Amino acid sequence: MRRRDFITVLGSAAAWPLAARAQAMPVVGFLNGASAWEYTPQTAAFRQGLSETGYVEGRNVLIEYRWAEGHYERLPTLAADLVRRQPAVIATGTIPAVLAAKAATTTIPIVFMIGVDPVELGFVASLNRPGGNLTGVTSLAAELGPKRVELLHELVPTATIIAALVNPANPNSEAASRDLQAAARSLGLQLHVLNASSERDFDAAFATLVQLRAGGLVILSEAFFNTRSEQLAALSVRHAVPTIYQYREFAAAGGLMSYGGGIADSYRIAGVYTGRILKGEKPADLPVQRSTKVELFINLKAAKALGITFPPSLLARADEVIE
């Protein structure tokens, strides 16, 4: 036998048990509207939750990842591709991804990780008795928008005009914008809503901020923005606009301040639910879980660049001060 033929036979023999093991493993589909590199902590938390139920990726479960990279129009195709592969469960992060998965299947269990009311969006019949093939975890996100307005006002009390950056492609953007407007009015502030659904929209949005002479910016919680944390942080400092977002990644990337729910904790809980469904439980019988963890992160280097001094009362409430 020639050496090349021997290697081919040997390789096939080695690959066959692996393929056989793969066929025996349950498959979990993982659909997300964001990018893999920005969601590394979240996917790690999801795998941790799976491991808490006895499932370890590559050992006794396979995970098929599909990322839309912020291009939500790709999600229906990605969801359809996952459904064709007939996974045991589909785990979904971001509202557009849940909508795509829900439209793609009414039989495969879907576990979601979102920051809004799933009953209001029609994902489940009720939090305690979801019904259907969806259940999951909600974190504090959209409802914290007004609190971010308050924190920004506390930091820059002389500002009378502020803005909110939203992605109009997100189904929740209109309702969240109304909440921010109401919060701003209650504080005597004028709030302008600026739209951005692609990177090329950022420069125009920040140019408008300058024209408006806005004294602050609130960025709405949004998967596309999550994948652009560094870019948004840099733009906010370059244009000298005090800015607050939801996740720590924004402050860690050089942004001024972040305040919101702990998204990694939601993904861990979702991993636990995915494992429980793999063991035979039905999504209709699993109440929607709610992650109530809230964190405040402050970046003093960004504050110095913006000429801002944080009041001691605000610093004392921070979960982490980044210097």
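This is a predicted model, so every value here is computed, not measured. Here, residue 1 is the first one in the sequence, and each next residue gets the next number.
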Determine, using ring centers only, whether Y267 and F112 are less than 6.0 Å apart.
no
Exam field: side chain T105 to backbone T107, donor-acceptor pair closer than 3.5 Å
yes
Is the shortest side-chain heavy-atom distance between R85 and V27 below 4.5 Å?
no
Within a reach of under 6.0 Å around CZ of R59, are more than 12 heavy atoms found that belong to other residues, nucleotides or ligands?
no
Check the angle between the aromatic planes of F30 and W67 and answer parallel, tilted or perpendicular using the 30° and 60° thresholds.
tilted
Check this for me: does any side-chain nitrogen of one of D265 and R268 sit under 4.0 Å from a carboxylate oxygen of the other?
yes
Okay, side chain of K279, backbone of T53: is any donor-acceptor separation there less than 3.5 Å?
yes
Look at E323 together with K301 and state whether they make a salt bridge at an N to O cut-off of under 4.0 Å.
no
State plainly whether the residues E199 and R228 are in salt-bridge range, i.e. N to O under 4.0 Å.
yes
Distance col, row Q42:CD vs Q48:CD, nearest 0.5 angstrom, shows 12.5 Å
In terms of hydrophobic clusters joined by side-chain contacts under 4.5 Å, are F206 and V210 together?
no
Atom pair CG (L152) and CG (L189), whose distance is rounded to the nearest 0.5 Å:
8.5 Å
What's the shortest heavy-atom distance between G255 and N299, and which atoms?
O-CB, 3.0 Å
Please walk me through it: do R74 and E69 pass salt bridge (charged side-chain N to carboxylate O under 4.0 Å, His left out)?
CA-CA 9 Å; R74 299 175 183 171; E69 307 283 341; 6.0 Å; no
CD/E120: more than 12 non-hydrogen atoms of other groups inside 6.0 Å
no
Just by distance, do the side chain of N170 and the backbone of N167 share a donor-acceptor pair under 3.5 Å?
no
Worked verdict on L278 versus V28 for side-chain contact (heavy atoms from CB on, under 4.5 Å):
CA-CA 9 Å; L278 289 175; V28 171; 4.0 Å; yes
Show your working on side-chain contact (heavy atoms from CB on, under 4.5 Å) between L314 and L151 and close with a plain yes or no.
CA-CA 8 Å; L314 202 51; L151 288 169; 3.6 Å; yes
Heavy-atom pair with the smallest gap, counting every atom of A205 and L194
O-CD1, 3.4 Å
Hey, does R178 have a side-chain heavy atom less than 4.5 Å from the side chain of V193?
no
Is there a continuous path of hydrophobic side-chain contacts, each under 4.5 Å between heavy atoms, that joins M113 to Y72?
yes
Taking every heavy atom of V241 against every heavy atom of T243, the minimum-distance pair comes out as O-OG1, 2.8 Å
Side chains of T274 and V61: does their closest heavy-atom pair fall under 4.5 Å?
no
Apply the test salt bridge (charged side-chain N to carboxylate O under 4.0 Å, His left out) to residues R276 and E52: give CA-CA distance (whole Å), side-chain angles for both, the deciding distance (0.1 Å), then the verdict.
CA-CA 10 Å; R276 289 177 62 177; E52 290 175 19; over 6 Å; no
Shortest non-hydrogen contact from F250 toward S258:
CB-OG, 3.6 Å
A quick test of your reading: do over 12 heavy atoms of other residues, nucleotides or ligands sit less than 6.0 Å from CD of Q231?
yes
Got V83 and I108 here, is their nearest side-chain heavy-atom distance under 4.5 Å?
yes
If I compare all heavy atoms of P242 with all of L306, which pair ends up nearest, and what's the gap?
CA-CD1, 4.1 Å
Are Y259 and F297 close enough that some pair of their side-chain heavy atoms sits under 4.5 Å apart?
no
Give me the ring orientation class for F202 and F225: parallel if the planes are under 30° apart, tilted from 30 to 60°, perpendicular past 60°.
tilted
Supply the atom-to-atom distance D203 CG to L235 CG, rounded to the nearest 0.5 angstrom.
6.0 Å
Taking the side chain from Y273 and the backbone from P287, do they hold a donor-acceptor pair closer than 3.5 Å?
yes
Passes side-chain contact (heavy atoms from CB on, under 4.5 Å), I322 versus L300? Steps please.
CA-CA 6 Å; I322 301 168; L300 290 183; over 6 Å; no
Donor-acceptor check, side chain of S197 to backbone of P168, threshold 3.5 angstrom: yes or no?
no
Same cluster or not: are L286 and I269 linked, directly or through other Ile, Leu, Val, Met, Phe, Trp or Tyr residues, by side-chain heavy atoms under 4.5 angstrom apart?
no
Hey, quick one: are V237 and I244 part of the same hydrophobic cluster, counting side-chain heavy atoms closer than 4.5 Å, chains of contacts allowed?
no
Stepwise salt bridge (charged side-chain N to carboxylate O under 4.0 Å, His left out) test for D81 and R84:
CA-CA 5 Å; D81 178 57; R84 280 193 298 271; 3.7 Å; yes
Can you check whether K102 reaches L134 side chain to side chain, under 4.5 Å on heavy atoms?
yes
Tell me, do I63 and T43 make a side-chain contact under 4.5 Å, heavy atoms counted?
no
Looking only at heavy atoms, what is the nearest atom pair of A104 and A80, with distance?
CB-N, 4.4 Å
Taking C-beta and beyond as the side chain, do Q190 and I162 meet within less than 4.5 Å on heavy atoms?
no
Which value, rounded to the nearest 0.5 Å, describes the distance between L256 atom CG and S236 atom OG?
7.5 Å
Spacing of T92 atom OG1 and N32 atom CG [to the nearest 0.5 Å]
8.5 Å
Show, in sequence, the C-alpha distance, side-chain angles and deciding distance for I90 and V111, and conclude whether the side-chain contact (heavy atoms from CB on, under 4.5 Å) test is met.
CA-CA 6 Å; I90 297 177; V111 176; over 6 Å; no
Is there a continuous path of hydrophobic side-chain contacts, each under 4.5 Å between heavy atoms, that joins V294 to V137?
no
What is the distance from atom CD1 of I114 to atom CG of L121, rounded to the nearest 0.5 Å?
6.0 Å
